[in-house]
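Beneath this line is the structure, given in structure tokens, with notes to follow.
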Protein chains: 2
Amino acid sequence: MKHDVILHDVAKAANVSIATVSNVVNGKGRVSKTTMKRVQQAIEQLGYAPNLLARHLKTNQSRLIGLVVQTTKPGRIQDNPFYWDLLAGAEEIARDHGFHMILVSMGMPEETLDFVKQRQLDGLLVVGITDHRGEDALFRTLDIPCVYIDSYLNDPRLCQVCVDDQYGGYAATKHLLALGHRRIALLIGDIPMDQLRRYAVLQQRWRGYRKALDEAGLPYDPGLMIRLPTSVQGGYHAAAWLANHNDVSAIFSMSDIAALGLMKGIKDMGWRVPEQVSLVGFDNLFMSGYTLPALTTVSQNIVQKGRVAVKLLMELMDNKCSTSRKVVLPVELLVRDTTTKAHLTDRQ
Amino acid sequence: MKHDVILHDVAKAANVSIATVSNVVNGKGRVSKTTMKRVQQAIEQLGYAPNLLARHLKTNQSRLIGLVVQTTKPGRIQDNPFYWDLLAGAEEIARDHGFHMILVSMGMPEETLDFVKQRQLDGLLVVGITDHRGEDALFRTLDIPCVYIDSYLNDPRLCQVCVDDQYGGYAATKHLLALGHRRIALLIGDIPMDQLRRYAVLQQRWRGYRKALDEAGLPYDPGLMIRLPTSVQGGYHAAAWLANHNDVSAIFSMSDIAALGLMKGIKDMGWRVPEQVSLVGFDNLFMSGYTLPALTTVSQNIVQKGRVAVKLLMELMDNKCSTSRKVVLPVELLVRDTTTKAHLTDRQ
DNA sequence: TTATATTGGTTAAACCTTTAACCAGAGGGT
DNA sequence: ACCCTCTGGTTAAAGGTTTAACCAATATAA
């Protein structure tokens with residue numbers, strides 16, 4: 001894939017210097033109408049396309065944006081359709097600005113840093129970082145524009161975008177409380193409760209849950225935290241937990257993905273949703289409205305999250321001294337069919 | 001993001017020429033043990049990382065692989081979680097070889113071509129092309145290694161990877177036939193039947209369907225083709241079609257995504273799956289086993305598809321003259337709970 | 001002895017752009 | 001006449017790397 005036609009060729013064809021052609025291509029410098037026409041014709045005729053590698057080398061930029069994703073195993077992207085939506089949104093805006101997205105899976109810190117340096121990435125979208133893992137410092141060492149997604153970092157100088165997770169948790173719980181539920185379990189990720197701070201998004205949703213409980217004058221019961229992996233399988237197994245907790249009449253799953261599995265698990269036990277167990281999810285995945293019964297859930301727009309993140313990054317790159325701001329996108333409780341009034345009739 | 005330490009600095013520190021450092025970095029050329037040690041120490045100490053832009057400019061390659069995806073609107077990636085799996089698999093292998101993936105959304109042909117040329121992409125993964133749209137020719141003009149995914153191109157010189165779509169369609173249909181179903185509808189994409197050739201994957205599955213019908217001595221009835229978008233919504237609306245075709249006792253949906261919507265639609269009409277309608281899907285999405293009833297479907301491994309595609313691409317790039325081969329990955333019919341014996345009792 | 005490899009390096013050109021510095025000529029003001 | 005500015009370019013350096021060509025010294029072979 002050798003570059004067939006280069007600046008030099010166009011220059012010769014139009015009988016001007018290389019610099020002039022470059023100026024025409026970039027719309028910079030001073031060049032008369034007539035020569036511009038001549039150059040443009042030559043470009044058209046020869047089918048010239050600039051060699052971005054050379055340009056980038058010279059200008060010290062790559063027009064590449066890294067999407068830094070957490071990995072389970074090093075080198076293996078977490079299998080979560082969530083990321084595709086994020087990438088799709090980001091790519092859409094990036095492309096409009098002449099940028100492109102590239103995946104950076106965060107394995108070894110060293111490795112990650114080297115990668116960013118070697119590829120000369122112009123900016124980073126970092127997903128799911130917290131203050132409590134030292135990862136934030138990592139990205140601050142290489143000083144390139146960063147936008148943190150779903151990260152809840154304390155430093156006010158940082159650019160961040162997330163949704164109102166806490167409100168989401170609050171709204172979901174409040175909805176269940178309003179229906180008369182008193183013992184509401186929380187299907188949380190597969191993490192020790194004392195490590196919750198490391199998973200900022202979950203922590204926020206959890207806080208919303210607690211807040212709603214507090215307002216209702218109900219006690220917070222750690223025994224109601226179901227700690228299972230955020231996956232369909234994880235959710236499915238939560239049903240077994242439920243079987244041992246007959247006083248629990250509702251579950252708030254912090255992800256739709258787990259809620260789907262849970263719903264299946266509950267039904268496989270022969271129980272009915274929502275008559276015997278009410279269920280609320282989080283995310284509103286593409287098929288969450290098409291389960292039976294349709295899942296009540298807190299909806300967030302992940303594609304939009306990707307879009308906004310890149311827009312912020314662009315601002316950050318334009319005027320370096322920009323007032324770095326934090327954007328909180330709204331969430332919306334979608335009441336569908338998996339929640340209903342708490343009954344006095346026990347599942348026994 | 002200026003490159004702080006370059007070859008030059010290392011050379012000075014180790015008291016050798018730039019070329020020698022380059023040789024050490026790349027493991028080429030001839031350099032004695034002792035100097036190698038000295039250079040490596042200098043590299044370590046200064047924290048040198050090669051500037052890939054410069055390297056790539058010199059070597060005429062970018063170590064970037066494009067994933068060419070179809071777009072609905074130009075510049076907008078089709079919102080299909082399918083692509084994430086593909087990308088995840090591809091990225092995994094690519095990274096092992098020092099390559100990275102970049103998205104190329106296929107809008108205007110000109111634009112796409114320019115992009116590949118400008119970014120100097122080393123290879124392309126092209127998804128869902130057919131002989132019948134002139135797109136294949138497009139990629140052949142720029143002669144860079146290509147692997148076609150889900151494409152069914154006739155040219156034997158091309159490298160292709162797909163799954164056994166036809167067998168999948170055959171197995172699904174045969175399964176339904178074995179259960180006694182005679183009127184089996186096909187939930188196909190939102191395309192005119194005379195355009196089916198343009199959607200190779202669907203055509204293959206359709207052929208499998210027909211083959212099974214033929215073998216059973218049953219006629220092919222075009223009236224049984226349900227042409228609705230491949231989406232949850234599309235599937236949902238298929239239920240309305242079903243309401244007008246009471247002789248149909250089973251539906252084979254060519255995608256799980258539509259099958260999920262369809263299942264919801266059927267249940268919303270008050271009918272039961274599988275007692276009144278049997279249902280088979282295609283893909284085995286991550287939650288297909290967790291619907292209620294669990295979806296019977298033809299399973300394919302999309303991540304693996306991405307992996308194999310990149311492996312093929314690497315071979316193609318190593319020995320240019322490689323015997324370009326076509327890899328067909330297996331599919332597997334997973335009989336779960338949405339299919340049962342055809343009953344004589346009508347839905348009326 | 002002389003011709004010839006081999007070892008361990010160095011020099012310099014090349015990859016294709018961008019861009020600062022320079023320059024010739026024209027026009028205008030005093 | 002002089003100085004200054006403006007227009008429309010050109011020249012050349014620089015960006016960081018790879019690599020072919022070269023070279024001095026030592027070892028090997030005839």
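The sequence lines fix the lettering, A, B, ..., with proteins before strands; numbering per chain opens at 1. Keep in mind that what you see is a predicted model, and the values were worked out from it rather than measured.
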Length of the [atom1]-[atom2] vector between [X] and [N], whole Å:
| X | N | atom1 | atom2 | answer |
| --- | --- | --- | --- | --- |
| B:His56 | C:dT17 | NE2 | P | 17 Å |
| B:His8 | C:dT11 | NE2 | C1' | 15 Å |
| A:Leu57 | C:dT19 | CG | P | 12 Å |
| A:Asp4 | C:dC15 | CG | P | 14 Å |
| A:Ile18 | D:dA14 | CD1 | P | 17 Å |
| B:Leu7 | D:dT18 | CG | P | 6 Å |
| A:Lys33 | D:dT7 | NZ | P | 14 Å |
| A:Arg55 | C:dC15 | CZ | P | 19 Å |

Closest-nucleotide 5' rank along DNA chain C - winner of A:Lys58 and A:Arg30: A:Lys58

[N] OP1/OP2 closer than 4.0 Å to side-chain N/O of [X]:
| X | N | value |
| --- | --- | --- |
| A:Thr35 | D:dG8 | no |
| A:Asn26 | C:dT18 | yes |
| A:Tyr48 | C:dC16 | no |
| A:Ser32 | D:dG9 | yes |
| B:Lys28 | D:dT18 | no |
| A:Ser22 | C:dT18 | yes |

Touch class at under 4.0 angstrom, heavy-atom based, for [X] against every strand present:
| X | answer |
| --- | --- |
| A:Leu53 | nothing |
| B:Thr59 | sugar-phosphate |
| A:Val25 | nothing |

Pair B:Arg119, B:Ser62: side-chain N/O donor-acceptor within cut-off below 3.5 Å: no

Any side-chain donor near an acceptor of the partner, B:Arg63 and B:Gln61, under 3.5 Å: yes

B:Arg307 and its side-chain contact (heavy atoms from CB on, under 4.5 Å) partner, picked from B:Ile93, B:Leu329, B:Ile302: B:Ile93

Over all atoms of both residues, closest heavy-atom pair of A:Asp9 and A:Val5: OD2-CA, 3.3 Å

Nearest non-hydrogen partners of B:Leu125 and B:Leu313, listed with the distance: CD1-CD2, 3.7 Å

